[in-house]
Undergrad: 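Submitted below is the structure of interest, expressed as structure tokens.
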Amino acid sequence: MIRVQLPDGSVREVARGTTLAEIARAAGRGDAFAALVDGAPRDLAAPVESDCRVSFLTFAEPEGKEIYWHSTAHLMAQAVKELFPEAKLAIGPPIDEGFYYDIDIGRAFTPEDLEKIEAKMRGLAKRDEPIERVTLPRADAQAMFEGAGDKYKRELLEDIPDEQVSFYRQDGFLDMCRGPHLPRTGLIKTVKLLSTSGAYWRGDEKREMLSRIYGISFPTKDELDQYLHRLEEAKRRDHRRIGREMDLFSIHEEIGPGLVLWHPKGAVVRQIMEAFIRETLAQRGYEQVYSPHLARSRLWEISGHMSWYVESMFAGMVVDEQNYLAKPMNCPFHIMIYKSQTRSYRDLPIRLAEFGTCYRYERPGVLHGLLRVRGLTQDDAHVFCRPDQIEQEASALVDLAFHVLGAFGFKDSEIVLSVRDPKAAPKYAGRPELWDAAEAALEAVLRGRGLPYRRVEGEANFYGPKIDIHLFDAIGRKWQLTTIQLDYTLPERFDLAFMGEDGREHRPVMFHRAILGSMERFMGILIEHYAGAFPLWLAPEQARVLSITDRHVAYAKQVAERLKAEGLRAGVDESSERISYKVRRGQVEHVPYMLVVGDREAAAGTAAVRSRSAGDLGPMALDAFLARVNEEIAARQ
RNA sequence: GCCGCCGUAGCUCAACGGCAGAGCGCCGGAUUUGUAAUCCGGUGGUUAGGGGUUCAAGUCCCCUCGGCGGCUCCA
């Protein structure tokens, strides 16, 4: 007998070789379709061989979703093989949301193909065939792939060290797979194939281009509908559409892809964001600097950008027989400011901040509205400090990041601490002792603040470890924003020094950090987060006065002037449209407050206030309205 | 860059290889209206650009530019 511990802490004694399915049934978990055995996912059909902890998986668990989608990918592969017997399968993993399968049919799939495949999948799922794991000796697997001309599977096999290779079979369809899988195809209740695209075999652009099909599936139609609804919601929030509708920004072929024009209304929002950050930085010991957009190539040789970043830099220009390049980063300039005089240990830390406009060559296919551009303004800063100040400064940076991000209405976040891969020491610049100290310092900061974080080995930059903050927006999408990166390399390359207490020169370390990332990208994220309905403090037009008839225009203008005198961004709709039309226009343009004025208001010196979100609030004295909005602005609501 | 899709008025979209249109916007007029679309009229196009096939091209073919969805989350 062996002992199986269940999640509720209870222990069951079962015979060796009892399957997980039997244990699930006995535990009243007939809803489970897979299990975790000591944390590792297993098929329900797998037997338990020794004492272990077992928990059950359904679609509710992340590991369960993975299995569900993975099995759906197999079902799709089966459907494709039945419809297109000549298709060669490559890989078909689950992803964050759904799954894909890369397939070689010598052409792309059409929308009609997708419909056919989807219909086929439904038919196959309805047959509710068992999904079984089988293992084959590697030689047999190889012979089988060679016989069938399955060159991708064969290549995958080469990377598998084991002598026995696992396959999964359903209804005569066999696919090499690590598993685990659902016990039966009938558990796949709904399926939707979402899109197709080209994808390189093994992500290598020198290799074959395969056709990828993306899809998703759910145990209930409700969940699928919800998912599709969320896709539509994301489409509704598309910053490119809202940006045009609200006249915030534009991008023109004549100017160049990835180069953004900020229109007056977008510029207002940006100026408010920048002012808020400048004010915050001033309170936290930062000094603001400016630096040019160009520098001689010599600077980029010293910094190392010419060797490891050239492919992302705009080609240079020659002036007076000297080669100049547009800056892809601001760090060398801030370093030169640091270097412009001898620094004492007493001067450190030195924190230099700049909204620095950089130019980066992004490949044509990756540009995307404001989210991926070629000309961008980073809310950049570099902190130069002594090694013993790393922890203190990292702590201040994390604190600053949360202060700023919180002000923009983001509540949920995820922190990733990227450290070096201990097995790949040569990849990293700087002495191992420095790395150990720095990683420990960053980790201590996160732990000290009680912040949950993920520690990822091997994700550090070659020049130092980093802390990244990801945010979740109003509809649950994840965005990487803040990055706090420690760097040993540049101080070395530029031979930075400070005079220590001991009268000798020491090497400072530096942090690179951007909180919003770039103004362009952050603006895009904010537009999508708020769906265009900026909170009052950020709204390009905070209040609009609507005249009921032409004879109220003079009073409307008077009201707007009063609001402007009090610092509000206010406009007037004096058109001779009906009031309902003007209200609609204001709502569509996401104006937070509309002040309706007619005979009654003009006589009483008031305005009928309408809130974008709460509707008609009734007549209000202007002082009362101003008090209300000023409070709201101060609270950044 | 590569694969696929796409490019018609400021925006959203119609038009079988046979006269380039609608709604919104914008402009003008009428209306003077009380909380999400008043009516009438007008303006607006080298159909992204270039080349080709054809009696005839927005439509078919080729090139260029631009946009959209993707492009190592390992069987």
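Below, read A as the first sequence line, B as the second, and so on, with proteins coming before strands; counting in each chain starts at 1.
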Undergrad: Counting distance alone, no hydrogens or angles: does the base of B:rG1 have a donor or acceptor under 3.5 Å from a partner atom on the side chain of A:Y361?
TA: no
Undergrad: The side chain of A:S197 lies closest to which of these nucleotides: B:rG70, B:rA37, B:rU31?
TA: B:rG70
Undergrad: If pairing requires Watson-Crick or G-U wobble contacts with both distances under 3.5 Å, which nucleotide is the partner of B:rU53?
TA: none
Undergrad: Return the pairing partner of B:rC16 with a 3.5 Å limit on both distances, Watson-Crick or G-U wobble; otherwise return none.
TA: none
Undergrad: Is the positively charged end of A:K65 above the ring of A:F59, judged by distance under 6.0 angstrom from the centroid and angle within 45° of the axis?
TA: yes
Undergrad: Contact class for A:R178 vs. all strands (heavy atom < 4.0 Å): base, sugar-phosphate, or nothing?
TA: base
Undergrad: Whole angstroms only, please: what is the CG-C1' distance between A:L194 and B:rG4?
TA: 16 Å
Undergrad: Compare the minimum distances between each of B:rG69, B:rC71, B:rU33 and the side chain of A:H368, then state the nucleotide with the smallest one.
TA: B:rG69
Undergrad: Classify the side chain of A:S580 versus the base of B:rU35 as yes if they form a donor-acceptor pair under 3.5 Å and no if they do not.
TA: no
Undergrad: Send over the distance from A:L89 CG to B:rC74 P, rounded to a whole Å.
TA: 18 Å
Undergrad: If you assign each of A:M209 and A:D550 to its closest nucleotide in RNA chain B, which residue comes earlier from the 5' end?
TA: A:M209
Undergrad: Can you tell me the pairing partner of B:rG58 across any strand shown, Watson-Crick or G-U wobble, with both distances under 3.5 angstrom?
TA: none
Undergrad: So what's B:rG42 paired with, Watson-Crick or G-U wobble, going by both distances under 3.5 Å?
TA: B:rC26
Undergrad: From the set B:rA36, B:rG66, B:rU32, return the single nucleotide nearest to any side-chain atom of A:E253.
TA: B:rG66
Undergrad: Is there a donor on the side chain of A:E245 or the base of B:rG10 sitting less than 3.5 Å from an acceptor on the other?
TA: no
Undergrad: For the backbone of A:R236 and the side chain of A:R241, can you confirm whether one donor and one acceptor N or O come within less than 3.5 Å of each other?
TA: yes
Undergrad: Only one of A:E528, A:R521, A:H239 forms a side chain to side chain contact (heavy atoms under 4.5 Å, CB included) with A:L370, so which one is it?
TA: A:H239
Undergrad: So which nucleotide from B:rG34, B:rC71, B:rU38 ends up closest to the side chain of A:E577?
TA: B:rU38
Undergrad: Roughly how many Å is it from OH in A:Y101 to P in B:rC73, rounded to a whole number?
TA: 14 Å
Undergrad: Among the candidates B:rU31, B:rG34, B:rG70, find the nucleotide nearest to the side-chain atoms of A:R600.
TA: B:rG34
Undergrad: So, does A:R244 get its side chain near the phosphate of B:rU12, meaning an N or O under 4.0 Å from OP1 or OP2?
TA: yes
Undergrad: What's the closest nucleotide to the side chain of A:R585 if the choices are B:rC74, B:rU33, B:rC26?
TA: B:rC26
Undergrad: Check the side chains of A:R212 and A:Y214 for a donor-acceptor pair under 3.5 angstrom, ignoring hydrogens and angles.
TA: yes
Undergrad: Using a cut-off of strictly less than 4.0 Å, decide whether A:Y581 has a side-chain nitrogen or oxygen near OP1 or OP2 of B:rG25.
TA: yes
Undergrad: Give the nucleotide from the list B:rC73, B:rC71, B:rU33 with an atom nearest to the side chain of A:T549.
TA: B:rU33
Undergrad: Look at all strands and tell whether A:D175 reaches a base, only sugar-phosphate, or nothing, counting heavy atoms closer than 4.0 Å.
TA: nothing
Undergrad: Measure from CG on A:L210 to C1' on B:rU72 and round the result to the nearest Å.
TA: 12 Å
Undergrad: Nearest to the side chain of A:A608, heavy atoms from C-beta on, is which of B:rC11, B:rG34, B:rU38?
TA: B:rG34
Undergrad: For the backbone of A:D43 and the side chain of A:H181, can you confirm whether one donor and one acceptor N or O come within less than 3.5 Å of each other?
TA: no
Undergrad: Can you tell which of B:rC26, B:rU33, B:rU35 lies closest to the side chain of A:R551?
TA: B:rU33
Undergrad: If B:rC68 has a Watson-Crick or G-U wobble mate with both distances under 3.5 Å, name it; if not, just say none.
TA: B:rG4
Undergrad: Between A:E118 (side chain only) and A:L193 (backbone N and O only), is there a donor and an acceptor less than 3.5 Å apart?
TA: yes
Undergrad: Could you check whether A:L367 gets within reach of a base, just the sugar-phosphate, or nothing at all, counting any heavy atom under 4.0 Å?
TA: sugar-phosphate
Undergrad: Under 4.0 Å: is that the gap between some side-chain N or O of A:R610 and OP1 or OP2 of B:rG34?
TA: no
Undergrad: Of the candidate nucleotides B:rG69, B:rA30, B:rG66, which contains the atom at the shortest distance from the side chain of A:P257?
TA: B:rG66
Undergrad: Do A:R230 and A:E233 sit within salt-bridge range, that is, some charged N less than 4.0 Å from a carboxylate O?
TA: no
Undergrad: Contact class for A:E158 vs. all strands (heavy atom < 4.0 Å): base, sugar-phosphate, or nothing?
TA: nothing
Undergrad: Is the distance from OP1 or OP2 of B:rG1 to the nearest side-chain N or O of A:Y200 less than 4.0 Å?
TA: no
